[in-house]
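Every number for a ligand or one of its atoms is a count from 1 in the order of the listing. Throughout, residue positions are numbered sequentially from 1 according to the sequence presented.
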Amino acid sequence: MTEVSTTPETSSAATLSIIPLGGIGEIGMNSTVLECGEDIIVIDAGLMFPDPEMLGVDIVIPDFTYLLENRRKVRAVLITHAHEDHIGALPFLLKELNVPVYGTRLTLGFIKDKLKEHDLDASTELVTVKPRDVIELGCFRVEFIRVTHSIVDGVGLGITTPVGRVVHTGDFKIDPTPVDNEVMDLRTFAEYGDKGTLVFLSDSTNAGQGGYTFSEKEVRRGLEDIFHKSKGRIVVATFASNIHRVQQIIDVAVMHGRKVILNGRSMIANAQIALELGYLKIPADTWHKIEALKNFPDDQVVLITTGSQGEPMSALTRMAANEHKHFQIKKGDTIVLSSKMIPGNERAITRIINHLFKHGAEVFYEKVSEVHVSGHASKEELKLMLNLIRPVFFIPVHGEYRHLVYHSQLAKKVGIPEENIFIVSDGEVMEFTNAAARRAGFVTSGRLLIDGKSTEGVERVVIRDRMKLAHDGVVIVILAIEKLSGRVVSGPDIVSRGFVFEDASQELLAEVKDVVMDTLTLMIPEAKGDWSLVSDRVRGALKKFINKRLERRPMILPVIMEV
Ligand SMILES: [Zn+2]
Ligand SMILES: [Zn+2]
């Protein structure tokens, strides 16, 4: 967390500032600010999923303080594509700052669905753009440029400013055979190289991967193989936003005479949006509701589901635990996890895989089968882009620190001078003139932890409490004290959760009660009338006792009633 304030030192019309608010040094919460004179544009407003130790935190978003402080300058938010790490923070930003949002058709389709959940759909201006469209926003001229990625309808940006041109790839890979035949517009990117580009920002997610990323179409072969061999029901889990993957699964299903059932709220919602907008094609009498499952023989159905990351409430997790209302795993079933095992989720996913095997299913996943390809460019593609753009200055974005380092090494290799490559930090201001670049300090930035839909961040202390509860459990001491005399009239009763008194002997429990009573005896009657003093003393004494006897540090909650 960086907490340095506030405005960059200079901001005359002759300088351009680029300020990442997120996405640098982390996978997720991508958001970049471009500022020139009196104008600001924002590229993406994404979320990050929390680390497992951020208990009870649903999502993490960038701190948008800088935009709120400069609200009259902000012209628009430009969205490169509809992945959560690029759109997930949008509702939280729009709640504070009502500015137009620009994106392609499918991107806005997904965003609209999200804004509805937050009651922001009516108040937000959504502007649909196509690749090659050019818009003017203050002193910025922005051109949208088609890229290929693991979601349909992604774009990069070519931005002309009074200081020079900026190219931002968004997320991309160079897929020469995309499922929808909408190839990456390398020609337009090359034009920016020819005209001269001052600053290039490029996706670093896969900068550690050698060679080229496989085309999405390669997945089809892996799927066909599995479909060919399977005699029973097939379940394919994938990301609901990966419309091309869903399309390929449907195509292979149709080829093998199988009906398709979509499962999971986001899977159905996204497919519906993509279908309506023409990005997904499903032949008639192919898509059926899950209730119809029982009407089809085992070898004539495919279930496409969410839950590929082992999310606790997801359909796949429920299937693995044999708790799914409509689908019990049985021998002969084939389960395909057509997705990346995201680090951090590996344990949950592996647990599910084991359960599925236990129920007699055959399971295919990334590490044992060719059922997934990445959506991000590997080294050779990244070098190709650097060669096409030939920028004066290069800023690697979207990635952990190591990815940014790998990407700068590639830039050096293709001939960009080391002093023109900048690994920046979230909140850091990079200031450019048409010939020079300098690091110009920091703006307020950081991570906001969000619990549910609230815009209030979750305080650090709340997280610490939740961690403590999860690790050490809680001991509750219930006690009624007569206010005037300080006499204990009921209790102490001891209740524990996540902390085992049950295992311990009755003796220990009796000792705990004694500790409470001894503590009270040592207090003068007047002090005993003050419940906050009593809780404080009881908590302190029990903490010491439990730590000494059991070497545990549960949270101790005295509940004192005055009668
Ligand atoms: Zn993406
Ligand atoms: Zn991304």
Side-chain angles (χ1 to χ4, degrees), residues 20-32 42-50 59-62 77-90 93 103-111 114 131 144-157 167-175 178-180 182 184 201-209 213-216 219 238-246 266 270 274 279 308-309 338-340 342-345 372-378 381-382 385 395-404 406-407 426 447:
L21 294 180
I24 306 285
E26 65 229 333
I27 301 281
M29 55 179 238
N30 298 297
S31 190
T32 306
V42 184
I43 301 171
D44 293 330
L47 62 70
M48 184 165 72
F49 291 103
I59 61 168
V60 183
I61 63 169
V77 183
L78 313 168
I79 303 293
T80 58
H81 65 289
H83 274 152
E84 288 294 341
D85 58 324
H86 298 258
I87 67 169
L90 205 47
L93 175 61
T104 57
R105 235 153 46 90
L106 185 85
T107 301
L108 293 187
F110 283 179
I111 288 174
K114 179 175 279 299
F144 297 84
I145 311 169
R146 165 72 68 217
V147 296
T148 39
H149 183 40
S150 47
I151 192 166
V152 183
D153 227 7
V155 287
L157 304 169
V167 173
H168 192 304
T169 61
D171 283 351
F172 78 103
K173 71 177 186 181
I174 302 177
D175 190 340
V179 174
D180 59 2
E182 292 283 349
M184 183 148 166
L201 299 98
S202 183
D203 175 14
S204 313
T205 311
N206 262 0
Q209 294 293 328
T213 301
F214 283 122
S215 169
E216 172 64 28
V219 175
T238 191
F239 283 119
S241 63
N242 197 339
I243 298 300
H244 280 160
R245 187 67 51 83
V246 173
S266 56
N270 286 359
Y279 290 90
S308 62
Q309 296 306 309
S338 182
S339 57
K340 182 182 164 64
I342 294 179
N345 300 339
H372 178 68
V373 295
S374 169
H376 298 274
S378 302
E381 293 151 90
L382 295 174
M385 282 304 282
I395 303 177
V397 294
H398 303 177
E400 293 172 16
Y401 200 83
R402 62 193 167 114
H403 302 130
L404 307 177
Y406 297 142
H407 206 170
D426 286 345
R447 296 174 176 183

With 2.8 Å as the limit, jot down which protein N, O or S atoms are around the Zn ion (ligand 1).
-> His81 NE2, His83 ND1, His149 NE2, Asp171 OD2
Does a side-chain heavy-atom distance below 4.5 Å link Ile27 with Glu400?
-> yes
Could you check Val152, Ile151, Asp153 and say which one makes a side chain to side chain contact (heavy atoms under 4.5 Å, CB included) with Phe110?
-> Ile151
Sub-3.5 Å donor-acceptor pair from the side chain of Ser31 to the main-chain atoms of Gly22, do we have one?
-> no
Rounded to the nearest 0.5 Å, how far does NE2 of His149 lie from CG of Asp175?
-> 12.0 Å
Please work out whether the ring planes of His83 and His81 are parallel, tilted or perpendicular, with thresholds of 30° and 60°.
-> perpendicular
Given the rule in the side-chain hydrogen bond (donor to acceptor under 3.5 Å, both in side chains) test, do Asp203 and Thr169 qualify, once you have shown the distances and angles that lead to the verdict?
-> CA-CA 6 Å; Asp203 175 14; Thr169 61; 5.6 Å; no
